[in-house]
There are 2 protein chains.
Amino acid sequence: MAAAAGVSITTVSDALNGKGRLPDATRRHVREVANRLGYRPSAAARTLRTGRSGLIGLTVTTYGEEPFTFTEFAYFAEMARAATSAALARGYALVILPASSRHDVWSNVALDGTVVIDPSDHDPVVADLVRQGIPVVSDGRPAGNLPVHAWVDNDHEQAVIGILDHLAAAGARRIGLLTGTSTDTYTRLSTSAYLTWCERVGQEPVYEAYPAHDPCAGAVAADRLLARPDRPDAVYGLFDPNGTDLLAAARRYGLRVPDDLLLVCCSERAAYATTEPPISTLSLKPGRIGTAVVQLLIDAIEGVGPGQPVSQVMPTDLIVRASSQRRPPRTTVSPPRTPEED
Amino acid sequence: MAAAAGVSITTVSDALNGKGRLPDATRRHVREVANRLGYRPSAAARTLRTGRSGLIGLTVTTYGEEPFTFTEFAYFAEMARAATSAALARGYALVILPASSRHDVWSNVALDGTVVIDPSDHDPVVADLVRQGIPVVSDGRPAGNLPVHAWVDNDHEQAVIGILDHLAAAGARRIGLLTGTSTDTYTRLSTSAYLTWCERVGQEPVYEAYPAHDPCAGAVAADRLLARPDRPDAVYGLFDPNGTDLLAAARRYGLRVPDDLLLVCCSERAAYATTEPPISTLSLKPGRIGTAVVQLLIDAIEGVGPGQPVSQVMPTDLIVRASSQRRPPRTTVSPPRTPEED
DNA sequence: CCGGCATGCAGAAACGTCACAGCTCATGGC
DNA sequence: GCCATGAGCTGTGACGTTTCTGCATGCCGG
């Protein structure tokens, strides 16, 4: 390449990177020759030399053997889309690397930093990354004392309080909760916010907990909740499938939604807009989270922003549909496919 | 590192890679020291030296400004999941790189090969990659004469014929088609298969075409199709949203599904299982495609398999639901969340 | 005519790895 | 006693960049 253009290697590098003291004529000439030869600087060599790969990891902590947790797939898909978008906009590419993947894959790719979704208590991979000085930003408060560089999470307490207030305003007298048995932060914060709210308004808590990763336990728990003697007249489900679970359980008990039972669940599923009746959902706005996480990560990589760990709490969106309104505002036919705005 | 273990650089390399002539004692010693120091061989240096990065690209040809096409999102999500899985199983990591992304991102990452989803006629990026000798495998027959190393696609003709036969068997007398105006292979093959079938059985073709990337045109086209004087009594929609579009249009014209109108559409949406009535869909089995594409790509990278271009045609799956059966087999309550197999 | 100073470029080192050739000892056969 | 053999290790590039230093050259003021 350098020979073809009749200049030195240094000049080629300078011309292509816009550095050094070169007259425009030389720069143009070098670029023109490079173009003609189809020459591309070697990414590997550049990475070796500069210590920057332009790659950031997207790590999913997996429970099963599959690389993605399907329970939160709609969340993950949207989050990954936004993260990819944000990374590309700043000149980085995203590599999907489940925490459970073979060790050799991890050590074979040079990462400038990584995003960790929902890190578990003492994830060995994350700890390893941090020890190597690679910036790590997590989606979700890091459990344990994982020393991540920054994290982004939703304001789960505020979200739960908002929903409970909304249900109470719609006429609910006794609000139940469908929650999980695991000790992750999301479940813990949400449940404790529920209990606090109950205490504040003087309602006896009514809840059922089940192992959230078990795809069948949810339906059983929903059934249990509606079978109780102190059956609630409104339920909030913390997990994505709870909406359909609760709807099915309500049908089995002959309960009409929303007349006999108000329903809200936390989910990104678009399908909840078209169930019978449409179910109100709490959106965690995964797109916003994904973008924020990547911005923080790249800031950390590039050394801009504060040297301190940053934590960013993002609001959620309560999408009110027929299932949580006693007097639904005339059921109009919704226009075909209104693109979801963000 | 070499100094810490009291051996030479070469010995470290050999010990860690299981090469050379070293007694087990030395190997163990080196590994132990490496472990203690938290030493990891530099991926960048290895890539530079060996010419292999262990990275493969997943390229989406985009139409709009966003990195993913939302119209086929369920397809893409599942395909990407399977592809990631397959790549990891063989020690490769996946990088998501929209064809439209900034040029500097493309040149900043060393790819051993790349998967292209639905390459457009003369994609400059793909052509560029091939010219550089990087293996490219495409999901979908490459349009034009893009010189990819291999491709995988569904058997679209067979799929259409299967659906039309199914609808005819269910009692349809005049089957309509909702198709696209673009010239991509999927649309072309499917439409011509429809026309051929019509000719064979002696039915006058009844179809409407619309620009598939326009999120609103579909509803209009569905309406147009059902407003025709020669209104079909069954419709197959080639695109993901057609199911709901057609269902809405049918309601507007007071047509009952499946009694007055049989419906099938091509989609991966799980939501079609719970519409009223549930809509029969043609699944392209994106998981299978993603896996196959990655296997072919890695084979090409590693030089196994034939040196010739390979083309692999995969079967589709017709999921028959109430919308395409005149006599639905008693509407049972489906069990809660049956995990999709495959 | 000479020192100072830009300008335009080239040389060389370094990044960390791997492949190859080679070097130094024992050991053993004859 | 000496060569052949092989085991166990080391030294030396080379991969293709970037970056730092430095060499010419030309121009200017004095």
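All values reported here derive from a predicted model rather than from experimental measurement. Residue numbering restarts at 1 for every chain, and letters A, B, ... go by the order of the sequence lines.
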Rounded to the Å, how far apart are [X] [atom1] and [N] [atom2]?
{"X": "A/Met1", "N": "D/dT17", "atom1": "CE", "atom2": "C1'", "value": "13 Å"}
{"X": "B/Arg49", "N": "D/dG13", "atom1": "CZ", "atom2": "C1'", "value": "8 Å"}
{"X": "B/Arg52", "N": "C/dC18", "atom1": "CZ", "atom2": "P", "value": "14 Å"}
{"X": "B/Lys19", "N": "C/dT17", "atom1": "NZ", "atom2": "P", "value": "15 Å"}
{"X": "A/Leu48", "N": "D/dT19", "atom1": "CG", "atom2": "P", "value": "13 Å"}
{"X": "B/Asp24", "N": "D/dG8", "atom1": "CG", "atom2": "C1'", "value": "13 Å"}

task: Just jot down the side-chain hydrogen bond (donor to acceptor under 3.5 Å, both in side chains) partners of B/Arg188, sequence neighbours excluded, or say none.
output: none

With sequence neighbours excluded, tell me which residues meet salt bridge (Lys or Arg N to Asp or Glu O under 4.0 Å) with [X].
{"X": "B/Arg21", "value": "none"}
{"X": "B/Arg90", "value": "B/Asp299, B/Glu302"}
{"X": "B/Asp24", "value": "none"}

Polar pairs (N or O, both sides) under 3.5 Å between protein and nucleotides 9-12 of chain C?
from   : atom 1 : to      : atom 2 : distance (Å)
C/dC9  : OP1    : A/Thr26 : OG1    : 3.4
C/dC9  : OP2    : A/Thr26 : OG1    : 2.8
C/dA10 : OP2    : A/Ser8  : N      : 2.6
C/dA10 : OP2    : A/Ser8  : OG     : 2.8
C/dA10 : OP2    : A/Thr11 : OG1    : 2.6
C/dG11 : N7     : A/Thr10 : OG1    : 3.2
C/dG11 : O6     : A/Thr10 : OG1    : 2.8
C/dA12 : N6     : A/Thr10 : OG1    : 3.3

query: Cut-off 3.5 Å, side chains only: do B/Asp118 and B/Tyr75 have a donor facing an acceptor?
result: no

query: Do you know which two heavy atoms are closest between A/Ala44 and B/Thr47, and how far apart they sit?
result: CB-CG2, 3.5 Å

- line: NZ of B/Lys285 to CE of B/Met314, rounded to nearest 0.5 Å, is 10.5 Å

- request: Answer yes or no: does atom CD1 of A/Ile9 have more than 12 heavy-atom neighbours from other residues, nucleotides or ligands under 6.0 Å?
  value: no

task: List in numerical order all residues of residues 28-43 of chain A for which some heavy atom is under 4.0 Å away from an atom belonging to DNA chain C.
output: none

